[in-house]
Peer 1: 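Please find one structure pasted underneath; my questions will follow.
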Amino acid sequence: MALAMIAPVLSVPKDTHMEYPANKNSNTLAQKIGSLTYGQLIMLLATDKHEYQRLAAKEIGVRSYSDPEAPEHIYQEGGITQLVDLLGEDHSLMLQFSAIQALINVALDEQSRVDIVEAGGLKRLLELLESENQDLVRHATWCLVNLLRSRNMKDMAREEGVMGKLGRLFKTNAQETRPYVAMLVCNLLDDAPRQNLIAFQKAGLLVPLFTWLVKFKSDRELCRLVLASIYHLINEKECLEQFQSLRGLQVITKMLSVSDTPENLYIITKIIQILSSDEDRGSALIRNSPTLVQTLISLLRHHPCVFIKLAATESLSNLAVHRECRSTVVKENSLRPVCDLLVHDFEDLARASAALVNNLCADSAICLTIGSFPHVARALVRLTLPANSTPTQQTALSCLTYLLRNADFGRAFLVVGGVERLGRLARMHHNPVVHQSAMTCVLLMSAHHIIVPSLVPDIVAAAIEAIVNSSETYVHYCSVLSLVALLEHPNAEEGVSLRAEKILGKVGAYSEYSAKTEWEEVLCEVAADLASFLRHAVASPVSLPVGQVAVPPQQVGEPVAPAIADTAVVEEFPPSAFADADPAGPAEGSMSVLPPLAKDVAEVRGLGDSIDGSADGHASPASGSIVKWTLKCIMGKTVKMMRVPSSISVEELNTMIGAKFGMDVDSLKFKDDDGDLVSLEGADDMEFMAECFDLKPKRKLEVYIEGKEVVAAG
């Protein structure tokens with residue numbers, strides 16, 4: 001389909017001027033009048049010679065469209081007042097026709113519309129709508145179409161009683177008048193004050209408008225104008241409810257499958273987008289039209305117009321909160337085509353695709369499948385770049401809060417520079433929405449323990465800044481749990497120690513915090529452990545200079561995370577098929593973007609759980625993750641946190657703890673449920689410790705160490 005199409009789709013065409021037939025006889029009076037100045041023409045309007053008045057009005061109408069300076073000349077000479085006076089009942093029908101035809105073109109100028117209203121033209125035109133002459137009614141309606149292009153004129157028309165006149169116009173049998181009535185209604189409702197929408201519905205006009213949609217659906221342009229009017233109306237709750245009661249859902253979904261014009265198809269899809277934004281109506285749409293989702297998928301995949309793709313994607317995003325829609329997307333083998341739109345150069349379409357992916361990922365099996373596509377991680381990182389708008393960044397991050405539950409996707413995300421990007425987003429304290437989602441992603445990546453050591457200091461610094469700068473309890477939850485998960489890295493431990501005094505106050509305050517939710521209880525428990533570590537760090541500061549963090553050399557085989565630029569090169573989008581349409585869809589909040597999963601404590605409880613595991617701490621068979629224990633290791637006054645695999649042996653545990661403390665371990669003991677210290681000497685002791693771990697409400701164990709410090713040679 002060609003991109004050069006009528007625009008705007010949801011409004012009346014801009015050019016609705018009156019055309020006059022050309023004069024064939026060069027020796028007529030009309031040609032002589034055509035050579036007069038504007039002042040002379042206006043003088044002729046004031047004469048009592050009807051032929052002169054008619055020809056002068058016609059010449060003014062011709063010049064109003066062809067001469068850019070005509071509106072100013074006509075106003076200065078008092079021509080608008082003269083033309084409005086000719087609309088009066090005391091003038092002949094012929095003069096009324098001539099005057100109204102001239103005003104049709106004069107009203108195309110914005111300032112002239114104001115002048116016409118001030119001269120009493122709006123009231124006169126509304127009176128002419130009750131004429132018995134259908135041609136006069138048609139031309140009066142035409143003139144009102146142009147007059148109501150200005151927003152303030154819509155208000156005035158409502159106050160002058162236009163709604164009452166429309167009831168009569170909807171009953172007209174004149175085929176030539178109907179398109180102008182449809183244009184008048186569309187202009188009256190497009191970008192109109194809310195009172196106009198309510199007044200239209202209260203006047204009972206939605207019923208005849210809907211009747212026209214059903215009765216004249218074969219008239220493409222009339223159908224487009226009626227659809228556009230319905231689109232504007234259903235943004236108002238009362239109108240939407242009445243539209244639904246008129247079986248509007250069934251009619252619209254049926255029209256979607258049979259519409260043969262891109263303009264009408266676009267508006268129908270936009271209407272479905274609004275209808276599906278409510279969960280109950282979305283369910284009714286799916287129930288009443290079993291093929292609706294398939295039709296929208298077909299538009300998303302195959303339609304050449306990018307704005308129709310956009311509207312279909314946004315509608316599917318709303319419907320994807322329903323399991324039936326998600327199942328249909330899978331059955332239609334459309335997960336990959338949906339994800340392919342994530343890399344589209346048109347940001348609105350990429351964002352809509354991300355919102356759809358986000359809602360599809362509510363199904364864990366679908367989430368795993370989407371995470372397996374190799375381009376998804378890079379595409380989502382791209383959508384978080386500063387070149388994109390805040391809603392786009394937020395939607396991409398919301399997707400990541402689902403996908404990063406899977407460790408394999410987390411590794412792919414790491415390789416494409418995702419962790420570096422999260423480090424930047426986690427510092428966007430000025431944008432609470434993006435910052436909160438970014439910190440959720442930081443927690444998920446930290447809990448997987450797949451962040452390479454070279455990137456740990458940056459993530460640690462971001463988490464500490466979040467604790468210092470944010471007052472949101474949930475952000476503190478993500479930051480505290482992330483820090484504790486990262487403390488097994490030596491450079492993380494040093495980085496936290498250097499800043500311990502900076503965050504000790506806020507972290508320690510959670511010991512007296514009154515938790516109201518389960519995740520807040522987890523925060524209080526983990527914050528108590530972190531505060532213990534911080535107090536020890538403050539009492540025994542590390543020897544590194546303030547602000548310096550030890551970064552170990554990169555290990556062989558460690559994946560390298562490439563840097564992600566702060567700007568993205570996006571190809572210029574070609575001229576739109578609907579240049580003046582609103583591709584962004586309804587107002588913010590209409591998309592069904594689910595909240596970050598990390599807020600659900602069933603998904604992320606404490607550091608003792610696998611991030612891919614179930615609520616009981618055991619790994620999900622689909623995830624393939626390894627359950628780890630969180631150990632609070634104590635030697636004298638030194639306390640360190642570390643995580644170890646649940647399958648670890650005593651010998652391996654001795655080695656890991658020895659490396660952590662820089663010492664030879666003589667003995668290890670853990671505190672059981674009764675508070676007794678039990679020695680760890682063999683497999684039976686490790687099995688008993690595993691049983692105790694499963695019963696621990698705080699999901700961690702205290703291990704006491706005895707040994708001697710290793711002194712480095714030289």
Peer 1: Rounded to the nearest 0.5 Å, what separation is found between the CZ atom of R113 and the CD atom of E118?
Peer 2: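 Reported value, rounded in 0.5 Å steps: 13.5 Å.
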
Peer 1: Would you check, one step at a time, whether the test side-chain contact (heavy atoms from CB on, under 4.5 Å) holds for M94 with F97?
Peer 2: CA-CA 5 Å; M94 179 186 66; F97 263 121; 5.7 Å; no

Peer 1: Quick check: do L233 and F243 have side-chain heavy atoms less than 4.5 Å from each other?
Peer 2: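 The answer is no; the side chains never approach within 4.5 Å.
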
Peer 1: For I74 and S64, run side-chain contact (heavy atoms from CB on, under 4.5 Å): C-alpha distance rounded to whole Å, both residues' side-chain angles, the deciding distance at 0.1 Å, then the answer.
Peer 2: CA-CA 9 Å; I74 295 170; S64 295; 3.4 Å; yes

Peer 1: Does the pair R178/D219 count as a salt bridge with the N-to-O cut at 4.0 Å?
Peer 2: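 Judged by the 4.0 Å cut-off on N to carboxylate O distance, R178 and D219 do not form a salt bridge.
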
Peer 1: Would you say Q294 and T328 are linked by a side-chain donor-acceptor pair, where the criterion is simply a distance under 3.5 Å?
Peer 2: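 No donor-acceptor contact under 3.5 Å links the two side chains.
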
Peer 1: With a 4.5 Å limit on heavy-atom distance, are the side chains of V185 and L225 in contact?
Peer 2: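 No, their side chains stay 4.5 Å or more apart.
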
Peer 1: Which distance, rounded to the nearest 0.5 Å, do you find between the CG of L197 and the SG of C239?
Peer 2: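 Going from CG on L197 over to SG on C239, the span is 6.0 Å.
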
Peer 1: In sequence, state the C-alpha distance, the side-chain angles, and the governing distance for R224 and E263, and then conclude on salt bridge (Lys or Arg N to Asp or Glu O under 4.0 Å).
Peer 2: CA-CA 7 Å; R224 181 187 75 81; E263 298 91 342; over 6 Å; no

Peer 1: Using a cut-off of 6.0 Å, state whether more than 12 heavy atoms not belonging to E238 lie near its atom CD.
Peer 2: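 Yes, CD of E238 has more than 12 neighbouring heavy atoms, counting only those of other groups under 6.0 Å.
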
Peer 1: May I ask you to test the S112-I80 pair for a side-chain heavy-atom distance under 4.5 Å?
Peer 2: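 Answer yes - side chains close enough.
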
Peer 1: Between W212 and F170, what is the shortest heavy-atom contact and its length?
Peer 2: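 Smallest heavy-atom distance, with atoms named: NE1-O, 3.3 Å.
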
Peer 1: Surrounding CZ of R336 (heavy atoms of other residues, nucleotides or ligands, distance under 6.0 Å), is the total greater than 12?
Peer 2: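 Atom CZ in R336 is crowded, with more than 12 foreign heavy atoms closer than 6.0 Å.
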
Peer 1: What's the verdict on ring-ring contact (aromatic ring centres under 6.0 Å, His included) for F307 and F346, showing C-alpha distance, side-chain angles and the deciding distance?
Peer 2: CA-CA 10 Å; F307 283 97; F346 183 29; 5.4 Å; yes

Peer 1: Measuring from L122:CG to L147:CG, what's the distance to the nearest 0.5 Å?
Peer 2: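 Going from CG on L122 over to CG on L147, the span is 6.0 Å.
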
Peer 1: Donor-acceptor pair, distance only, cut-off 3.5 Å: does the side chain of S66 make one with the backbone of V62?
Peer 2: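 Yes; judged by distance alone, with no hydrogens or angles, the pair exists.
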
Peer 1: Side chains of T384 and Q393: is there a donor and an acceptor less than 3.5 Å apart?
Peer 2: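 There is no such pair between these side chains.
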
Peer 1: Taking S437 for its side chain and V434 for its backbone only, find out whether a donor-acceptor pair lies under 3.5 Å.
Peer 2: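 Checked: no pair found.
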
Peer 1: Taking R382 first and then D345, would you say they form a salt bridge - that is, a charged N and a carboxylate O separated by under 4.0 Å?
Peer 2: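 Salt bridge flag = yes for D345 with R382.
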
Peer 1: Is there side-chain contact between Q250 and S289, with heavy atoms separated by less than 4.5 Å?
Peer 2: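 Sidechains of S289 and Q250: no contact.
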
Peer 1: Quick one: does S353's side chain have a donor or acceptor within less than 3.5 Å of a partner on V338's backbone?
Peer 2: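 At least one qualifying donor-acceptor pair exists.
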
Peer 1: Ignoring hydrogens, what is the shortest heavy-atom contact between R281 and Q244? Give both atom names and the distance.
Peer 2: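 The answer is CD-OE1, 3.1 Å.
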
Peer 1: Test your reading of the model: is there a side-chain donor-acceptor pair from N196 to the backbone of L189, 3.5 Å cut-off?
Peer 2: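 No, N196 side chain to L189 backbone: no donor-acceptor pair under 3.5 Å.
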
Peer 1: Looking at side-chain heavy atoms only, is the closest gap between S327 and E324 below 4.5 Å?
Peer 2: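 Not touching, per the 4.5 Å side-chain cut-off.
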
Peer 1: Between H344 and R351, is there a donor-acceptor pair closer than 3.5 Å when you use the side chain of the first and the backbone of the second?
Peer 2: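 Not at all, since once roles are kept as given, no pair shorter than 3.5 Å links the two residues.
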
Peer 1: Quick check for you: to the nearest 0.5 Å, what is the distance between T141 atom OG1 and L169 atom CG?
Peer 2: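 Answer for the OG1-CG pair, T141 versus L169, is 5.0 Å.
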
Peer 1: If I compare all heavy atoms of A362 with all of R326, which pair ends up nearest, and what's the gap?
Peer 2: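 The answer is CB-NH1, 4.3 Å.
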
Peer 1: Hey, does the side chain of S398 reach the backbone of T395 with a donor-acceptor pair shorter than 3.5 angstrom?
Peer 2: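 No, because the side chain of S398 does not come within donor-acceptor range (under 3.5 Å) of the backbone of T395.
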
Peer 1: Assess whether atom CZ of F210 is packed by more than 12 heavy atoms of other residues, nucleotides or ligands within 6.0 Å.
Peer 2: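 Yes, because the 6.0 Å sphere around CZ of F210 holds more than 12 heavy atoms from other groups.
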
Peer 1: Answer with yes or no whether the side chains of Q201 and E236 bring together a donor and an acceptor at under 3.5 Å.
Peer 2: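 Note: E236 and Q201 side chains miss the donor-acceptor criterion.
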
Peer 1: Before accepting this row, confirm whether a basic side-chain N of the pair R168/E130 lies closer than 4.0 Å to the acidic partner's carboxylate O.
Peer 2: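 E130 and R168: not salt-bridged.
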
Peer 1: Between E347 (side chain) and S389 (backbone), is there a donor-acceptor pair under 3.5 Å?
Peer 2: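 A pair under 3.5 Å: yes.
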
Peer 1: Does a side-chain heavy-atom distance below 4.5 Å link L86 with S98?
Peer 2: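 No, every pair of side-chain atoms sits at 4.5 Å or beyond.
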
Peer 1: May I have the step-by-step check of salt bridge (Lys or Arg N to Asp or Glu O under 4.0 Å) for D260 and R220, ending in yes or no?
Peer 2: CA-CA 9 Å; D260 57 353; R220 294 179 178 179; 2.8 Å; yes

Peer 1: Apply side-chain hydrogen bond (donor to acceptor under 3.5 Å, both in side chains) to the pair D280 and S283, showing each step before the final yes or no.
Peer 2: CA-CA 5 Å; D280 291 337; S283 178; over 6 Å; no

Peer 1: Tell me whether the centres of the aromatic rings in F409 and Y402 are closer together than 6.0 Å.
Peer 2: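 Distance test on ring centres: not under 6.0 Å, no.
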
Peer 1: To check you understand the geometry: which heavy-atom pair defines the closest contact between L188 and L148, and what is its length?
Peer 2: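 It is CD1-CD1, 3.8 Å.
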
Peer 1: For the pair H139 and W142, name the ring-plane relationship: parallel under 30°, tilted 30 to 60°, perpendicular over 60°.
Peer 2: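 It falls in the tilted class, 30° to 60°.
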
Peer 1: Do the side chain of S317 and the main chain of T313 share a donor and acceptor less than 3.5 angstrom apart?
Peer 2: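 Flag not set: sc S317 to bb T313 has no pair under 3.5 Å.
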
Peer 1: Could you measure the distance from the CD atom of Q96 to the CD atom of Q101? Nearest 0.5 Å is fine.
Peer 2: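 Going from CD on Q96 over to CD on Q101, the span is 12.0 Å.
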
Peer 1: Does S150 reach the main-chain N or O of N152 with its side chain, forming a donor-acceptor pair under 3.5 Å?
Peer 2: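 Absent.
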
Peer 1: With a 3.5 Å distance limit and no angle check, can you tell me whether K154 reaches the backbone of D190 through a side-chain donor-acceptor pair?
Peer 2: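 Side chain of K154 to backbone of D190: a pair is present.
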
Peer 1: State whether D155 and R151 are salt-bridged, where the test is any N-O pair (Lys NZ or Arg NE/NH1/NH2 against Asp/Glu carboxylate O) under 4.0 Å.
Peer 2: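 No, this pair does not count.
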
Peer 1: State the CG-CG distance between L383 and L397, to the nearest 0.5 angstrom.
Peer 2: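 L383 atom CG to L397 atom CG measures 10.0 Å (nearest 0.5 Å).
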
Peer 1: Between S315 and S276, what is the shortest heavy-atom contact and its length?
Peer 2: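 Closest pair (atom of S315, atom of S276, distance): O-OG, 3.8 Å.
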
Peer 1: May I ask you to test the S334-L300 pair for a side-chain heavy-atom distance under 4.5 Å?
Peer 2: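 Heavy-atom side-chain distance check fails, nothing below 4.5 Å.
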
Peer 1: Decide yes or no for D340 and H375: does some side-chain heavy atom of the first lie under 4.5 Å from some side-chain heavy atom of the second?
Peer 2: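 The answer is yes, as the side chains (C-beta and beyond) meet within the 4.5 Å cut-off.
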
Peer 1: For C339, which of L360, L380, I370 qualifies under side-chain contact (heavy atoms from CB on, under 4.5 Å)?
Peer 2: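 Option passing the side-chain contact (heavy atoms from CB on, under 4.5 Å) with C339: I370.
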
Peer 1: Just by distance, with hydrogens left out, do E314 and Q273 show a side-chain donor and acceptor under 3.5 Å apart?
Peer 2: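 Distance-only check passes for E314 and Q273.
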
Peer 1: Please name the pair of heavy atoms, one in A157 and one in L126, separated by the smallest distance, quoted to 0.1 Å.
Peer 2: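 For A157 versus L126, the nearest heavy atoms are O-CD1, 4.4 Å.
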
Peer 1: Can you check side-chain contact (heavy atoms from CB on, under 4.5 Å) on L275 and L240, steps first, answer last?
Peer 2: CA-CA 8 Å; L275 296 174; L240 178 55; 3.3 Å; yes

